[in-house]
Amino acid sequence: NGELPGTREEGNNHFKAGDVQQALSCYTKALKISDCQSESAVLYRNRAACYLKLEDHTQAEADATKALDVDQGDVKARFRRAQALQKLGRLDQAFTDAQKCAQLEPKNKAFQDLLRQLGAQIQQKLSSTDSRVQQMFKLLLDSSAPISDRQKAAQNLVVLSREDAGAEQIFRNDGVKLLQNLLDSQQEDLILSALRTLVGLCTGHQSRTMAIVNEVGMDRLCGVMGSAASTVSLSACHLIQVMFEALTEGMKKEIRGKDEAILPEPSRELRSMLRHLIDMLPASSVSGAGRDSAINLLVKQVPRKSLKNPDNSLTLWVIDQGLKKILEVAGTVPEVKGGPPLTDNTPMSCSVLLNKLYDDLKSDKERENFNKLCEEYVQYHFGSSDMESKLRAIQTVSVLLQGPSDVGNRTLELSGIMDAVISLCASENITHQQVAVEALIHAAGKAKRASFITANGVALLKDLYKKSENDRIRVRALVGLCKLGSAGGTDFSMKQFAEGSTLKLAKQCRKWLCNEALPLTSRRWAIEGLAYLTLDADVKEDLVEDKKALQAMFELAKSEDKTVLYAVGSTLVNCTNSYDVEKPDPQMVELAKYAKQHVPEEHPKDARSFVEKRVVKLLEAGVVSALVCMVKQESPALTEACREVILALVERQEDRGLVVAQGGGKALLPLVSESTDRGKIKAAQALAKITITSNPEIAFPGERVYEVVRPLVSLLALDCTMLQNFEALMALTNLAGISERLRLKIIKEKAVPKIEGYMFEEHDMVRAAATECMCNLALSTEVQKCYLATDSDRLKLLVLYSGEDDERLRKAASGTLAMLTGEMPELCTRIPDTTSHWLEIFQALLLGESQDLRHRGAVIVMNLMQADKSLAEKLMESEALEILSVLAKGDDPKQASIQKAAQRCLDLATEYGLIRNQPFIQYYRIYII
């Protein structure tokens, strides 16, 4: 580091002379060779001064912050950051910094002046915002004002609430009371504006959110969410979601108001909000859409986000307080009077909520309590002499079978229920038939029960399908037959029906699906039938050949009916074989055959070659656009299906371009965050596959490309497969080659130590991929500094890898060396200390069969010779001289870069006086001193 003080002083002299650009260059160069934190802090502080002069305030703020990270008491760095923040318009933060500067040096006039300026600017901004807020309030409170003016004022209030200053002024000026009045108005536009303004007040601010929960009241907000106006209901749902996030995640992110350090834990408010949502569920005054919103909020907020978190007390509390109310909604039969209003999505939403709650339980005792509560509820209603109560019990069982199926199966086995289902299928009452057939469909999930139903109910279902005059009953009977026909699953040897029967059923389902004259509910059931039948590979093949049916299915996927979307998702999972299949141990298979036990057989058309052809046909039919619509629904069950299908679609390299062109990259990003730990890994792997073979800037346009980094880094983990590690490294290599900002994002995600770890991996391809990734990352000064550290073997590893047999590894390592030795000449003198074979390694590069290797070798040698004369002497005394002479004489235009580098080496040797050029002799001779 002998050069460092000189370089810094040189920068100081340039700065004093007014040559700011040259000073900036000197400080940047000094930072590259600095390995001392305190020295680096001074350089960052000085460079911040340069950026201020050049009016690059973003960089000035960043450099001043880096200096303060080392020394919080650096008053000059803090002052420069305050100046930068002032110019960037972040006045509150600038004022905080200036205040600290004035506290450290009270007599400093510059600090006092800046503090006064900032105080005046903040006051002016607050006054301006305050006057605008007051103006909006005045208009909104004036009932005689034209409605158009009041609506405009309400919309302006929404805009103001999105700014910190505006939100604070609205809150401090009793704006919440005004917003309550707007919520109680009968005008939809004003209610929407009030809700959106409250979103602005609550976003990321815990103290305001707690105050609003207490002041506005959950009764009022739940009442608005339960309204019949769908837009208002959705806006209220969004507000409550934002409130939940502010009370929970807000603390984790430390986004707090000024007085929030003394606030109590918000668990009381959280439980109050959850209690109100639970109370909404059975209320007859709540609209169907409002009820669905309440269920979805419970799905998102109650279960643990990760099973690694040991605390499931919120789930236990909801089960204790609200399970019976959830079951009350689940058991509602829409055609029976007296129940709360439902939408087509409500039963499935209940299934999802019940399943989430059950999956979040940790012990057998907790699960047994859940089972007991469900059984008691079903037995109570089934034991009633009232037919409507019996229907409620059977409907509840149906919903449980679609959710926590273990619980559903136990309730179905309660005395008399299965017999009642079979007998009600023959009822003359359409509603009774419908409830019973649906229960029969969901009951056929277990293979043993499917055999029982096949023996006892198939004839009944066939009669209903052939003879019923009601399409609702016919299509449900058809789906019942479909499910029974698919009871063997993917096991080719287990067929419930005669050969060809499932194909006939599938053909009928496709016919119903393509009939646009039928109501949506009937067509939805047709897709559900296909979801069961596509476990049979023959049905899959027929379906992908029917382009009209595929397009009808994809069109229905754009609807908001979640039951339709689940059925479409299941069908696509089956067609692409993207479900998990456990391959049995061959020895166990032989043992089972010997013992004459049943061994599942794979259908010949489920072989990889058939699956690949089906994927191509699905892509050609536009499957990705359907998946994009499904992802937008933000449903956990849909997320899983979409993730699996997209992963299957990008398996083949040649299909990835089409996936990207249809928006697959955009659809994948939400799947990475809204999923289980295992699901996130699979979604991240699909992202990696796309990033490897497509231009990331096209696949993930704009800011989306930066969202790809974190999921890819998450694949660099021991619990991921070697293939996932390799694909992540390849994808990160592509991203690192795009821009410095992306490289810094990768570094910020702490990927560098992980990538270095994989450079020691035994697997050749993984080791080479990690080295390639490091080669691109080394373009960043942050990574270059790592190689300056004298207490590591990073440089030695690159030199040794440049001499390995694996050509891909050699290219990556020597490319990194060529770049590093060019950017940091001080590294060159350390190379002879890495290994005694360094000369032989570089000579082997110069003699490499690959043009790329020869070029890298020539550039490394050129950098070494430019950096140090003694290194040049050692090189010229070796066989490198003769090799360079040959490389410099070539006349192949393809090797012009190699010739140029080799010639530069010889010119340097001549300048140093190590060789002399004999014009009449066609080679260079060592000059003996």
Checklist entry - Who passes side-chain contact (heavy atoms from CB on, under 4.5 Å) against A549, sequence neighbours left out? => result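 Listed in chain order: R510, L513, C514, L543, D546.
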
Item to check | Partner set under side-chain contact (heavy atoms from CB on, under 4.5 Å) for S389, not counting sequence neighbours | outcome: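 For S389, the residues satisfying side-chain contact (heavy atoms from CB on, under 4.5 Å) (neighbours in sequence not counted) are H381, S384, D386.
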
Item to check | Set of residues satisfying ring-ring contact (aromatic ring centres under 6.0 Å, His included) with respect to F554, sequence neighbours excluded | outcome: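 None.
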
Determine the minimum heavy-atom distance between [X] and [Y], stating which atoms define it.
X: L281; Y: I295; answer: CD2-CG1, 3.6 Å
X: L239; Y: C202; answer: CD1-SG, 4.4 Å
X: L572; Y: L618; answer: CD2-CD2, 4.1 Å

Got a donor-acceptor contact below 3.5 angstrom from the [X] side chain to the [Y] backbone?
X: H276; Y: S272; answer: yes
X: N296; Y: D292; answer: yes
X: S351; Y: V399; answer: yes
X: N515; Y: K511; answer: no
X: T411; Y: E375; answer: no
X: S233; Y: M225; answer: yes
X: R291; Y: A283; answer: yes
X: N429; Y: H432; answer: yes
X: D360; Y: P303; answer: no
X: N409; Y: S405; answer: yes

Checklist entry - With respect to Y358, which candidate in V407, L353, I319 satisfies the side chain to side chain contact (heavy atoms under 4.5 Å, CB included) definition? => result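 Testing each of V407, L353, I319 against Y358, the sole residue satisfying side chain to side chain contact (heavy atoms under 4.5 Å, CB included) is V407.
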
Checklist entry - Just one of T576, T571, N574, N577 clears the side-chain hydrogen bond (donor to acceptor under 3.5 Å, both in side chains) bar with K540, so which one? => result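 Of T576, T571, N574, N577, side-chain hydrogen bond (donor to acceptor under 3.5 Å, both in side chains) with K540 is met by N577 alone.
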
How many angstroms lie between [atom1] in [X] and [atom2] in [Y], if you round to the nearest 0.5 Å?
X: D320; Y: N369; atom1: CG; atom2: CG; answer: 8.0 Å
X: E366; Y: L357; atom1: CD; atom2: CG; answer: 12.0 Å
X: L198; Y: S235; atom1: CG; atom2: OG; answer: 11.0 Å
X: Q301; Y: L277; atom1: CD; atom2: CG; answer: 9.0 Å
X: L354; Y: L323; atom1: CG; atom2: CG; answer: 6.5 Å
X: F382; Y: S415; atom1: CZ; atom2: OG; answer: 7.5 Å

Next on the checklist: With a 4.0 Å cut-off on N to O distance, would you call D364 and R367 a salt bridge?
Outcome noted: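 So D364 pairs with R367 through a salt bridge.
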
Checklist entry - Are K300 and E245 ion-paired here, with the side-chain N under 4.0 Å from a carboxylate O? => result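 Salt bridge absent between K300 and E245.
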
Item to check | Enclosure of K325 NZ (heavy-atom neighbours >12, cutoff 6.0 Å) | outcome: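 More than 12 heavy atoms, drawn from other residues, nucleotides or ligands, come within 6.0 Å of this atom.
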
Checklist entry - In terms of heavy-atom contacts, does NZ of K362 have more than 12 from other residues, nucleotides or ligands at under 6.0 Å? => result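 Enclosed.
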
Item to check | Derivation of the side chain to side chain donor-acceptor pair (under 3.5 Å) call for D311 and S313 | outcome: CA-CA 6 Å; D311 183 15; S313 58; 2.8 Å; yes

Item to check | Test item: Y377 and E328 side chains (from C-beta on) under 4.5 Å apart, heavy atoms | outcome: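 Side-chain contact under 4.5 Å: yes.
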
